[in-house]
Amino acid sequence: ELGGHEEAEHRAAGLIAARCCDVLVAVGEPARALIEAARGAGHGDAHWFALKDEAAAFVATRLTPGATVLVKASRSQAFETLLPALEATP
C-alpha cells in the first residue's frame, strides 16, 4: 500500500516505536524492516512473526490486566479476527 516508500516508512515507524513502546510485535514480510529498525535503535523487546496467529498467541502470553494493545495493519490482513483471542486473555 505504500508503494516504493514501503521499506523506508516501516523503518521510520520502527525508530519511533523504539522510543515509545514497551513491547513491539510485527507481522508479515514488509514489517520485518520495522522490527529491524527498532532493534537497531536499541529496542530489546521487538518481535517479528510471519503469521498473525503466531503474533496473537505471543501477545496473549504477555498481556497483563489493564494493558493497552495497539493493533495496526493493512485492511487486507483482517487483524480484527485476532481481537476475540486478545480480549479473552485474563
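Start at 1 with the first residue, then count along the sequence.
Legend: residues meeting salt bridge (charged side-chain N to carboxylate O under 4.0 Å, His left out) with Asp53, ordered by chain and number and at least two apart, are absent. Every residue was checked against the side chain to side chain donor-acceptor pair (under 3.5 Å) condition with Glu54, not counting sequence neighbours, and none meets it. When the ring pair (Phe, Tyr, Trp, His ring centres under 6.0 Å) test is applied to Phe49, the partners found at least two apart in sequence or on another chain are Phe58.
Put simply, the side chain of His43 does not reach to within 4.5 Å of the side chain of Ile35, judged on heavy atoms.
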Tabulate below the donor-acceptor pairs under 3.5 Å that side-chain atoms of residues 11-25 make, not counting sequence neighbours, or state none.
residue	atom	partner	partner atom	Å
Arg11	NE	Glu7	OE2	3.1
Arg11	NH2	Glu7	OE2	3.1
Arg11	NH2	Glu36	OE1	2.9

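No donor-acceptor pair under 3.5 Å is formed between the side chain of Lys52 and the backbone N or O of Thr81.
Here the shortest heavy-atom pairing between Ala31 and His10 reads CA-CD2, 3.8 Å. Heavy atoms only, all atoms of each residue included: Ala50 and Val27 are closest at O-CG1, 3.8 Å. Closest non-hydrogen pair, Arg39 versus His47, comes out as NH2-CA, 3.9 Å.
Contacts classified as side-chain hydrogen bond (donor to acceptor under 3.5 Å, both in side chains) and involving residues 24-34 (residues at least two apart or in different chains) are given here: Glu29-Arg32. The list of salt bridge (charged side-chain N to carboxylate O under 4.0 Å, His left out) pairs with a residue in residues 55-67, not counting sequence neighbours, reads Asp45-Arg62.
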